[in-house]
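Computed over heavy atoms, backbone and side chain alike; hydrogens, waters and symmetry mates excluded.
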Amino acid sequence: MRPRDSISSAIQAARAQGRPALVGFLTAGFPSRRQFRENLQAVAAACDVVEIGVPFSDPMADGSTVQRASFIALADGVTLPWILEEVSSLPDTPRRPPILLMSYLNPLLSFGLEKLPRAAAAAGVAGFIVPDLPYEESGDLKAALDREGLALVQMVTPVTPAPRLAMLCSAAQGFVYAVTMTGTTGAPMGPSAEVPDEVLEYMDRVKRCSPIPVCAGFGIRSRAQVARFAPHVDGVVVGSALVEALERGEDVRAFLGSLR
């Protein structure tokens, strides 16, 4: 199995159990470098897929929580080579979930597109999410990742036009990341479980277009919201709420378990 196929398989396996897959996001090296390996193992034990944020100085798609986490991690000396080394230390067990790196383009270019895929695959990374890389400019990175069978996950939004939605879904690998709102990560969709009907209708449109699993992300914070999304998507991404739980020193396994 190619690494990118392990992402779809993990999400489909959760769906086969009658529940949406849980994709957990944490910023590498936050709250501190020395805690990261332990935190990564805790998140990996509770999630079907793990998404690791590569800290960047200008995280345009991220809200205040992930921005703060990125700045703290950068100040602590977190780099992409260090992240790959830490990821490679995660035990390679049958329960180990696929790991994605969410990175802006600059850190990847700085590392070098020629050596990135092999280094990532050797560390156990299955794919990448690059929020500031338009599809039309992604050819070089996609070709590089294809050499190692790594995914380049595509993101869509509620305002993505229908022809572009079809194009992005057909090009997506691993899963389609369906952003729940226009704006940045972390902003709540509404009080309590009030996920708007139009957001769920949009998720249904994405599902009809996509030949691979669809996961909803941005602003998902509660079990009730996960339950509201469950009939409409294959998985949910929990990011800012998980980063905040880590920041508070909570038991992240218990927090993630509470969302199921």
Side-chain angles (χ1 to χ4, degrees), residues 10-11 14 19-32 35-36 38-56 59-73 78 97-103 129 131 153 155 157-158 175 177-196 199-200 202-203 213-260:
I11 295 169
R19 60 176 179 83
L22 189 58
V23 182
F25 171 93
L26 71 167
T27 300
F30 178 83
S32 71
Q35 294 172 280
F36 179 62
E38 179 183 350
N39 288 338
L40 176 58
Q41 290 177 345
V43 173
C47 290
D48 302 289
V49 178
V50 176
E51 181 186 344
I52 299 172
V54 178
F56 182 55
M60 65 175 71
D62 295 309
S64 59
T65 293
V66 179
Q67 285 185 20
R68 182 173 67 252
S70 286
F71 297 153
I72 290 171
V78 172
I99 293 176
L100 290 156
L101 295 187
M102 196 288 276
S103 176
I129 303 168
V153 174
M155 304 180 84
T157 77
F175 67 93
Y177 195 131
V179 177
T180 61
M181 66 189 79
T182 56
T184 58
T185 62
M189 288 170 291
S192 185
E194 294 180 9
V195 179
V199 172
L200 301 179
Y202 146 64
M203 294 296 164
V214 175
C215 295
F218 284 33
I220 299 173
R221 293 178 165 272
S222 71
R223 180 177 183 146
Q225 288 174 336
V226 173
R228 184 102 158 103
F229 275 108
H232 304 273
V233 296
D234 301 294
V236 295
V237 183
V238 179
S240 294
L242 175 54
V243 172
E244 290 165 6
L246 286 165
E247 189 173 26
R248 293 190 296 265
E250 294 182 10
D251 181 339
V252 294
R253 291 195 198 190
F255 168 73
L256 291 165
S258 74
L259 299 178
R260 292 195 181 277

### Task
State the CG-CZ distance between L242 and R221, to the nearest 0.5 angstrom.
10.5 Å

### Message
Is it the case that the side chain of T65 and the backbone of S240 share a donor-acceptor pair, with hydrogens and angles ignored and the cut-off at 3.5 Å?
### Response
no

### By side-chain hydrogen bond (donor to acceptor under 3.5 Å, both in side chains) - contacts of R260 (at least two apart)
none

### Query
Heavy atoms, side chains only, cut-off 4.5 Å: are T180 and T157 in contact?
no

## Note on the structure
When every non-hydrogen atom of P20 is compared with those of G235, the smallest separation belongs to CB-CA, 4.1 Å

### Task
Please examine the side chains of E51 and Y177, heavy atoms only from C-beta on, and report whether any two atoms are closer than 4.5 Å.
yes

### Message
A side-chain contact here means heavy atoms from C-beta on lying under 4.5 Å apart; do D48 and V23 qualify?
### Response
no

### Task
Provide the closest heavy-atom pair for V49 versus A10 in the form atom of the first, atom of the second, distance.
CG2-CB, 4.2 Å

### Task
Decide yes or no for F25 and V238: does some side-chain heavy atom of the first lie under 4.5 Å from some side-chain heavy atom of the second?
no

### Message
Any non-hydrogen side-chain atom of L200 less than 4.5 Å from a side-chain atom of R228?
### Response
yes

### Query
Looking at side-chain heavy atoms only, is the closest gap between N39 and P31 below 4.5 Å?
yes

### Task
Find out whether L100 and V153 are in side-chain contact, i.e. whether some heavy atom of one side chain is under 4.5 Å from a heavy atom of the other.
yes

### Query
Are M102 and F56 close enough, and set up right, to give a side chain to side chain contact (heavy atoms under 4.5 Å, CB included), and what steps lead you there?
CA-CA 10 Å; M102 196 288 276; F56 182 55; over 6 Å; no

### Query
Under the 3.5 angstrom rule, does the side chain of T27 hit a backbone N or O of F30 as a donor-acceptor pair?
no

### Separation of L40 CG from I52 CD1 (nearest 0.5 Å)
4.5 Å

### Task
Please name the pair of heavy atoms, one in P55 and one in A73, separated by the smallest distance, quoted to 0.1 Å.
CG-CB, 3.5 Å

### Query
If you measure from CD1 on I99 to SG on C47, what distance do you get to the nearest 0.5 Å?
11.0 Å

All N/O donor-acceptor pairs, side-chain side in residues 245-255, below 3.5 Å, sequence neighbours left out:
{"unit_1": "E247", "atom_1": "OE1", "unit_2": "R68", "atom_2": "NH2", "d": "2.8"}
{"unit_1": "E247", "atom_1": "OE2", "unit_2": "R68", "atom_2": "NE", "d": "3.0"}
{"unit_1": "R248", "atom_1": "NE", "unit_2": "E250", "atom_2": "OE2", "d": "2.5"}
{"unit_1": "R248", "atom_1": "NH2", "unit_2": "E250", "atom_2": "OE2", "d": "3.0"}
{"unit_1": "D251", "atom_1": "OD1", "unit_2": "R253", "atom_2": "N", "d": "3.0"}
{"unit_1": "D251", "atom_1": "OD1", "unit_2": "A254", "atom_2": "N", "d": "3.2"}

### Message
I'd like to check I220 versus F229 (side-chain heavy atoms, cut-off strictly below 4.5 Å). Are they in contact?
### Response
yes

### Message
Going by the rule salt bridge (charged side-chain N to carboxylate O under 4.0 Å, His left out), which residues pair with R223 if we only count those two or more places apart in sequence or in a different chain?
### Response
none

### Query
If we ignore angles and hydrogens, is there a donor and acceptor under 3.5 Å between the side chains of Q67 and S70?
no

### Task
Could you tell me whether the side chain of D234 and the main chain of I11 form a donor-acceptor pair under 3.5 Å?
no

